[in-house]
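Throughout, a chain's letter reflects where its sequence line sits, starting with A, and its residues are numbered from 1. The model shown is predicted, which means the values in this text are computed figures rather than measured ones.
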Protein chains: 2
Amino acid sequence: MAGSAPADVPGDGPEPAGGRRRGSGRPSASMADVARLAGVSSQTVSRVSNGYAGVTEETRRQVRAAMKELGYRPNSAARALKRGEFRTIGVITFSLSTTGNVRTLEAIATSAAREGYAVTLLPVAVPTQDEVRGAFSRLEELAVDAVIVIMEVHLLDAATLTLPPHVQVVVVDSDAGDRYTVVDTDQAGGTRAAVRHLLGLGHRTVWHLAGPEGSFAAQRRADAWRAALAGAGRVPPPLVRGDWSAGSGYRAGRELAGHEDCTAVFAANDQMALGLLRALHEHGRRVPRDVSVIGFDDIPESASFLPPLTTVHQDFAEVGRLCVAAVLSKVRREGPDRGTTLVPTRLVVRDSTAAPPGRADGT
Amino acid sequence: MAGSAPADVPGDGPEPAGGRRRGSGRPSASMADVARLAGVSSQTVSRVSNGYAGVTEETRRQVRAAMKELGYRPNSAARALKRGEFRTIGVITFSLSTTGNVRTLEAIATSAAREGYAVTLLPVAVPTQDEVRGAFSRLEELAVDAVIVIMEVHLLDAATLTLPPHVQVVVVDSDAGDRYTVVDTDQAGGTRAAVRHLLGLGHRTVWHLAGPEGSFAAQRRADAWRAALAGAGRVPPPLVRGDWSAGSGYRAGRELAGHEDCTAVFAANDQMALGLLRALHEHGRRVPRDVSVIGFDDIPESASFLPPLTTVHQDFAEVGRLCVAAVLSKVRREGPDRGTTLVPTRLVVRDSTAAPPGRADGT
DNA sequence: CGCGCGGATGTTTACGCAAACATCGATCAC
DNA sequence: GTGATCGATGTTTGCGTAAACATCCGCGCG
């Protein structure tokens, strides 16, 4: 198979006279070239290329052979122009520094590939409205049929107006299900599970190391934490804020280590939990004996923390899959125009949680 | 600005008769529509759209106004067809589970955007040759001018033949500089720095927790480790192998903890170092007092490990930048056709390395 | 035996854009 | 004044593909 293809000397054959494909590239065979070589019309080549019926097996073979000889590749620009669709999904996201975004992106790319769609990445370096607007204006020129947005919606809002009207949008991490199609993790459910687990172990209350203010995910985890405590009749301690990074978790941990009555902390993600563990360790507060810690995300490394982290598992792969399914159903005008889909979470209990210290001997 | 755009009612204006843009989408204004409304020829619209000279300020204004009113967006498929280039770079990579790949990808996307190029993602779920071949065959149909490959070249080899001949390729993490343009981290330099640092602290030798066999990066780190030890006249201990994951580092660590004479370990990445730290801790071997550990990559979390990890910093952003620069210079036929560019590394000394235990009182 | 039918194939056309060429005034030099 | 020149704009053409329509041929049936 590999032997017959003229892989190394593609300039040998009868080159079509005009039309170099790109500024400096080699000319690339077109349908007309294949048709000429195969002795058929270009329409027949098109039929073979698209696997349509109505072509003799014999003709089909000949065309295939000609294609192979010339190294023919369909020109996707012409195809897109003719068909009116690009078979491409654009993904807009903030810096790929958070595990969640990356894993979601990966799942999106995989699912999209399975559906015959390509994925184009639109990075937004800094999460400012200007930057977002910039990404969207790049998008306007872009060859995409649909867009998946992985970011906070309040940044999206300002930029929305400039979206090409025919492009479908699905949003991750947002509460704007009334305006967009939203796919997200069940933040509240995961948070509830975490808080209940800690209360169930006997902790009087649970502290919360929250994500940054701008984040909807952080917001919802904090809200759910407060609600879960309130539901159990407990008083929520003051909220401590980080920025998702391990460093911010460490700084917050130094503060929390000073509170003798802090026996259980729910960190809004695993990275901050990591920093928290280090800070507690440095202050001589043992985990889980003195303090219990729970994270969120279940990044692969969390099983190797010291101690292995109890955390809320997110199914990013499922989120990505659902995003693609939703956006494609919108493109095909099958699905609903808006609404929120939640992906369930699951508590993974490891070694960073235990009963509070006072409890073994007494109360 | 936002007030005048007909963002919500795009179907109101005079719709062009034919040519719905996508299967189920709205018709989208074309140059001809804009030209009609502005009372000029479509060529003038094209000139305005591309910012060419030779258009009166007055005309330009009118065309702009018409564009805005119709919500005109250039059709990139038509543009690509006409120009013969897509202004898109394809990136082929394995699962985005390793920090390095992700950070490189991010830098690639950012640099590409700066150059006016979009980035299309081609995920390869499983690193088998079949999968890689599949990615490349998808690529054949894809609208890209160039490709950046982030993966082991020996997997690439089998798939190369099917690459469209006019597409330029740049490879990361490879030793195939004689056949491709390669951009990579200076693995050997970083490894040397790590080994020398440990020897300089007084360790008799340095153990190595290597990456998986298939990886060139792992291969080169292991080779450089052996060479650095040999250069200092030391005997390399048996090599221990992991698979980049923290879990594999943990398993390796349990084995290493049994060796009393093991006082210094160079782990081929930070994740494995994390698992290693946990295993050593569980076996009562303190870091850095009993055992020194060095990682590779300098992932953000490594500063929050227990203890904060001494590691070799990789400049992924620079790697990505150089990839884009290299591939674009190839597209423009400016740069050399092959060769390897190495990005320097830098040792970041934190708290996981110290002089070996025996040394304080004696030898 | 001729007509109609249906499958295989060819021809025309248009997708939206932009390069190449054409046109049309106005201005300027002599 | 006349023609050369130049800037602004219009017209034509073709990029590669695929839908729509046209053609051709052989076969079965009346």
Side-chain angles (χ1 to χ4, degrees), chain A residues 16-23 25 27-36 38-63 66-67 70-87 140-141 143 164 166, chain B residues 16-23 25 27-36 38-63 66-67 70-87 140-141 143 164 166:
Chain A
R20 319 216 131 232
R21 266 281 280 283
R22 62 212 65 254
S28 179
S30 76
M31 275 194 167
D33 302 318
V34 175
R36 211 169 303 131
V40 298
S41 77
S42 65
Q43 184 54 41
T44 298
V45 177
S46 170
R47 283 192 264 257
V48 172
S49 176
N50 290 302
Y52 285 0
V55 180
T56 317
E57 202 46 52
E58 170 61 17
T59 314
R60 195 177 294 270
R61 261 200 327 96
Q62 279 182 323
V63 171
M67 281 179 173
L70 295 177
Y72 168 76
R73 327 262 171 194
N75 179 321
S76 45
R79 210 169 239 195
L81 174 59
K82 187 68 182 141
R83 296 218 253 240
E85 62 171 22
F86 302 97
R87 306 216 123 236
E140 289 171 22
E141 308 232 336
H166 55 269
Chain B
R20 320 217 129 229
R21 267 281 280 284
R22 61 213 65 256
S28 178
S30 76
M31 274 196 166
D33 301 319
V34 175
R36 210 169 305 129
V40 299
S41 77
S42 66
Q43 183 54 39
T44 298
V45 177
S46 171
R47 283 191 266 257
V48 172
S49 175
N50 290 302
Y52 286 179
V55 180
T56 317
E57 202 45 52
E58 170 61 16
T59 313
R60 194 177 295 269
R61 259 199 330 95
Q62 278 182 324
V63 171
M67 281 178 172
L70 294 177
Y72 169 75
R73 327 264 172 193
N75 178 321
S76 46
R79 209 169 240 191
L81 176 58
K82 186 74 179 127
R83 297 218 253 239
E85 62 170 23
F86 301 98
R87 306 215 125 237
E140 288 170 23
E141 307 232 335
H166 55 268

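Atom-to-atom, CD of B/E85 to P of C/dA18 comes out at 12 Å; the value is rounded to the nearest Å. Nucleotide C/dC15 holds its P atom 18 Å from the CG atom of A/N75, rounded to whole Å. Distance, A/M31 CE to C/dA14 P: 19 Å, rounded to whole Å. For B/Q62 and D/dA8, the CD to C1' distance is 14 Å, given to the nearest whole Å. Atom CZ in A/F86 sits roughly 15 Å away from atom P in C/dC15 (whole-Å rounding). Computed from coordinates, the A/R36 CZ to D/dG16 P distance equals 11 Å when rounded to whole Å. When the C1' atom of D/dG16 is taken as reference, atom NZ of A/K82 falls 11 Å away, rounded to whole Å.
What you find for B/A77 and A/L81 is that their closest heavy atoms are CB-N, 3.6 Å. Considering all non-hydrogen atoms of both residues, B/M31 and B/Y72 come closest at CG-OH, 3.4 Å. What you find for B/V63 and B/A38 is that their closest heavy atoms are CA-CB, 4.1 Å.
Inspection of the A/T59 and A/R47 side chains reveals no N or O donor paired with an N or O acceptor under 3.5 Å.
Residues from residues 43-53 of chain A with heavy atoms under 4.0 angstrom of DNA chain C, sorted by number: A/Q43, A/T44, A/R47.
In this structure, A/S76 OG and A/F86 CZ are separated by 10.5 Å, a value rounded to the nearest 0.5 Å. Atom-to-atom distance recorded for A/S49:OG and A/Q43:CD is 10.5 Å, nearest 0.5 angstrom.
A sub-4.0 Å separation between OP1 or OP2 of C/dG7 and a side-chain N or O of A/T56 is absent. Taking only side-chain nitrogens and oxygens, A/R83 never comes nearer than 4.0 Å to OP1 or OP2 of C/dC15. One finds no side-chain N or O of B/S42 lying less than 4.0 angstrom from the OP1 or OP2 phosphate oxygen of D/dG10. Taking only side-chain nitrogens and oxygens, B/R79 never comes nearer than 4.0 Å to OP1 or OP2 of C/dG16.
The side-chain hydrogen bond (donor to acceptor under 3.5 Å, both in side chains) check on B/T56 picks up nothing, with sequence neighbours excluded.
In summary, of the residues considered (B/R87, B/K82, B/R83), a salt bridge (charged side-chain N to carboxylate O under 4.0 Å, His left out) with B/E85 occurs for B/R87 alone.
Projected onto DNA chain C by closest heavy-atom contact, A/R60 and B/A32 fall at different nucleotides, the more 5' of which corresponds to A/R60. In terms of position on DNA chain D, the residue among B/L81 and B/S41 whose nearest nucleotide sits closer to the 5' end is B/S41. For the pair B/A78 and B/G54, both in contact range of DNA chain D, the more 5′-proximal nearest nucleotide belongs to B/G54.
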Would you tabulate the nitrogen or oxygen pairs shorter than 3.5 Å linking the protein to nucleotides 23-28 of chain C?
none

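By the 4.5 Å heavy-atom criterion applied to side chains, B/N50 and B/R79 are counted as neighbours.
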